Amino acid sequence: IFFRPLKMEDYECDNAGPPRPIQRQESPASPSHTTIHNEPPNERKKFWNRSMVLRLWIVIILLLGCSSAIVICVVLQQGEHGRMAVGYKREENLLLNSVKSRIACSLKNARTLAAALTLHQSRHGTPPPSRMEFAQLVKLGNAIVDGVYGISWIPRVLPQTYAAFLEEARTQYPGNQFQNSNGSYLPFDIKPPPGPDDSEYMIVYLIQPEERNWGAIGFNLFSNPARKNAMEKARDQGISTVTARIVLQQEREGDDNYGVLYITPVYDSLVPPVKLNNESRRLLHNGYVNGVIRIEDFIRRDEDSESVEQNLEWFLYDETAVQEGQSLNSLLYADKRAGPQAAFAEPQNVENRENLLTSVVIDVADREWRLMARPRQIFVDQFLSYVPIIWLLVILVVTILVSIAVMLVLHQTHLDEQIQLERSKLLDRLLPKQISDHITHRRVSLIAEFRPACCTMFMDVEGFTAFQATLPPRAVLGVLRSLFSILDELCADYGVEKIKTVGDCYMAANGLFGAKTLDKNGTQMLRFALKVLSRCQAVLGEHKLNVRFGVNGGEAICGVLGGAKPHFDIWGDSVNVASRLESTGVAGKIQVGQTMYDQLWMSNEFRFTPRENKVHLKGKGDVQTWFVTKHRGSAMSEALSESWV
C-alpha cells in the first residue's frame, strides 16, 4: 500500500546496488544517448567464433583420425594380401610345373617304351617279350615316373591266336600268383571273356610294377567302349591318346580315386607312324603301350610337393568332357580336405578364397584338362593377421581421446567465455558501457579521464529520514525502489549516466562520453531533471514527500575506484557545487548555479527564477542561485521537450 506495484520482469537486481531497469534501445529522438546491451555484440561474436573454431577442430580431428585409421588399415591389409599373392603364385607355379612335367614325362616315356618294343620284336621276331625282358625295357626307358601308377604291354590278339596267347600267358603267370577274394588261387584268365563277335582282343599282358597291378593283368580293354574308342583313335592316327576318367582296375572297391589311361600304339615297322597311311597302320598294328595315371599321384613326392599339398587345395577337371556336355563326369581329382567330392562335381562349383583362384587349361595328348587351385585356409592365416584391425582400433581410440581432450578444452573455453560474459554483464550494470569495455577488452588497471563539459545532478528526498522511522524496512525499500526505478528508466531515455545512490540521494551526470558543449549537456540535464521532478512528485505525493535537485556544470574528472569491487565516480569543483546546491535547495525545486545560468539564460525552453537571498555554499561563500522551471509561454519548447522524452 506504500508504493506503486511494479512488473518484476522489467527490472534486474544484484547485490552491488538497487534494482535497475533493463536498458532500452537508443531512441531515434536522442541520437547522442548511449545504448547498453545486456550481451555485447562483439563479445557474442568473439565467443561464437572461438567455439566454432574448436568445434571445427573436433570435426577435423575426427575426420583425419578416422580416415587415417582406415587408410593405414587398408594399406596394411593390402600389404598382407600382396605377400599372400606372391606366396600363392610360387605355390601355383610349383603345382603347374609338377603336373605338366609328370604328364609330359609320362607320354614321352610311353613313346620311348613303344619304340623299344618295336625294336625288340624286329630283333626277336613276333613273339612278345617275357616278363623279365619287359621289366628290363621299362627300367631302361625309365617309364615308371612319379604319377605313373603302372605301365603295361597290351598285345593285339586275334581270335585264331587267342588259344596260343592264353597258353603262353599261363606259362608266364603260374596260377599260384593270382588270389581271389576268398583266398583261393586262380590261373591266369581273361576278364571279361572275349565275345564271339569280337574281331580282336586287347588284353593286359605284361605290367610293371607287378606288385600293385595284379588286378589289371588279364583285363580285356576292348570290353569298355570308351577305352576301345580311344585305342582305335590312337591306332588309326598314329598318336598317343588319353581316355576320359575311369575307376582303375587296381583300386580297392569303393575307392573314389580316379585315373586315366594314356595309350601309345606300337607298329611292326621301324617307319614312324605319322608317315604311314591308315590302312598300313591297321595292318602293321601290333599292340599298345598303356600307361596308368593315378591323378592323386601327379604332385611330386618331395619337399616342393609337400609345400603345395599343405598350402593349396587343387582340383582337376576334364575340359574335353565339359565341352562334350559331360561336365558331371569331368571331375578327375578334388582335394579331400576341401570337402566331399560331390560338392565339386563341376568346375563352377570351385569358389575363390581371398580373391585367389587359379584356372589353367593343360594339353594332355588329344584332350584338355583344367587345373584349378586355391589357397588353403591355413595358408591364408599365415599372411592375414589382426595387426591392421589393431592399428585401426588404436588410431580410433587415440582420435577419440584427442577429440575428448579438445571437447574438454571447448567446454572449459565455453565456461571461461561465459564467466567473461557474465563479468561483462555485471560490469555493464555497475559501470557505464564505455568504462566496462575498457576494463574487459583493454585490461587497463587505472581509468581516469578529464571531462570539460560535465553536468552533474543530485536529487534528495526531503524528510525521508523521519519518514522511514515510521515504516517497516520492506516498505521503505519499496518506496526507494519505485523512485529509483523511475530515475534509472529516465537515465536510459535521456542518455544520462547514473553515478551512484547514497541513502535517499541519487547522483547522475552527462557529458562524460561524447564531444558535446556545456550548453547542450546542460539543456539535456535540465530536461531530465524536470521530467524526474514531475514523475517523482506523482509517486511520492501520496506519502507527502517531495524531492529537491541541485544541478551544476563544468570541468570534472571521471574514473574507476576499487579493484575487487570497482566503482565509477566523478570528482571536481563543479560536482561539489552541485552537491551543495542540492543540500541548500528547496523541496520541489531544481536549483542551479551561476555556470548553468550563464549558459542557458537565453534559452526559450527554461525559466530561471533567482532566489531572493543569496545562498551560502561551503567553500564558495554567498552565491546567487536560480530555480529552473519550464517556460510556459513557449509551445515549441514544450513540443521539443515531449519529443525528446
Side-chain angles (χ1 to χ4, degrees), residues 24 26-35 451-460 486-499 506-539 546-556 574-575 577-579 581-582 584-612 615 623-645:
R24 299 179 180 177
E26 182 176 359
S27 173
S30 55
S32 62
H33 109 269
T34 304
T35 302
R451 296 291 180 258
C454 176
C455 290
T456 309
M457 181 207 78
F458 284 87
M459 185 207 76
D460 186 72
I486 293 172
L487 270 76
D488 291 341
E489 180 181 352
L490 293 176
C491 281
D493 291 340
Y494 283 87
V496 176
E497 293 290 344
K498 174 185 177 181
I499 304 302
Y506 192 97
M507 178 182 177
N510 69 353
L512 301 175
F513 310 104
K516 289 185 179 181
T517 58
L518 185 58
D519 59 335
K520 292 183 179 181
N521 291 332
T523 300
Q524 186 179 5
M525 181 58 76
L526 290 181
R527 289 172 181 169
F528 169 71
L530 289 170
K531 191 66 177 180
V532 171
L533 176 60
S534 64
R535 294 281 299 274
C536 290
Q537 286 177 340
V539 175
N546 210 335
V547 291
R548 59 175 183 263
F549 293 84
V551 180
N552 192 37
E555 297 177 348
S574 63
V575 178
V577 170
S579 176
L581 288 172
E582 177 273 320
T584 60
V586 178
K589 299 291 184 179
I590 300 173
Q591 184 172 230
V592 299
Q594 186 69 42
T595 303
M596 295 297 291
Y597 178 76
D598 292 341
Q599 292 290 329
L600 302 173
W601 69 273
M602 295 183 65
S603 173
N604 294 326
E605 187 176 349
F606 307 109
R607 175 184 295 171
F608 292 88
T609 304
R611 292 189 70 166
E612 297 180 357
V615 178
V623 297
Q624 180 64 52
T625 62
W626 288 262
F627 294 121
V628 179
T629 58
K630 285 185 178 181
H631 198 289
R632 300 293 179 182
S634 177
M636 183 177 292
S637 175
E638 185 74 16
L640 288 171
S641 177
E642 290 300 325
S643 65
W644 186 269
V645 175

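Quick caveat: nothing in here was measured; it's all calculated off a predicted structure. We use all heavy atoms of the structure for the numbers below, so side chains are in, but hydrogens, waters and symmetry mates are not.
Considering only heavy atoms from C-beta on, E489 comes within 4.5 Å of R535 through its side chain. Counting heavy atoms from C-beta outward, N552 and V592 have side chains that stay 4.5 Å or more apart. Looking at heavy atoms from C-beta onward, M596 lies in side-chain contact with L526 at the 4.5 angstrom threshold. Between K498 and L487 there is no side-chain heavy-atom pair separated by less than 4.5 Å. Contact annotation: the side chain of I499 approaches that of L512 to within less than 4.5 Å [non-hydrogen atoms, C-beta and beyond]. Put simply, the side chain of F513 reaches to within 4.5 Å of the side chain of E497, judged on heavy atoms. When side chains are defined from C-beta on, F528 does not count as touching C455, because their heavy atoms never get closer than 4.5 Å. The shortest side-chain heavy-atom distance between C536 and M459 falls under the 4.5 Å cut-off.
Residue A508 comes nearest to V496 through the heavy atom pair CB-CG1, 3.6 Å, listed as atom of the first residue, atom of the second, then distance. Looking at every heavy atom in both residues, A529 comes nearest to V551 through CB-CG2, 4.5 Å. Closest approach of A587 and N546 over heavy atoms only: CB-CB, 3.9 Å.
Applying the side-chain contact (heavy atoms from CB on, under 4.5 Å) rule to L530 yields the partners I590, F606, K630; only residues at least two apart in sequence or on another chain are considered. With sequence neighbours excluded, the residues satisfying salt bridge (Lys or Arg N to Asp or Glu O under 4.0 Å) with R548 are D460, E462, E582. Partners of A556 by side-chain contact (heavy atoms from CB on, under 4.5 Å), not counting sequence neighbours, listed by chain and number: C454, S574, V575. Contacts of E555 classified as side-chain contact (heavy atoms from CB on, under 4.5 Å), with partners at least two apart in sequence or in another chain: F450. For T625, the side-chain contact (heavy atoms from CB on, under 4.5 Å) criterion is met by L581, Q591, R611, V615, V623, not counting sequence neighbours. Taking T517 as the reference, D519 meet the side-chain hydrogen bond (donor to acceptor under 3.5 Å, both in side chains) condition, with sequence neighbours excluded.
Using bins of under 30°, 30° to 60° and over 60° for the plane-to-plane angle, the ring pair F608/Y597 lands in the perpendicular bin.
Counting only distance, with no hydrogens or angles, the side chain of N510 and the backbone of N521 share a donor-acceptor pair below 3.5 Å.
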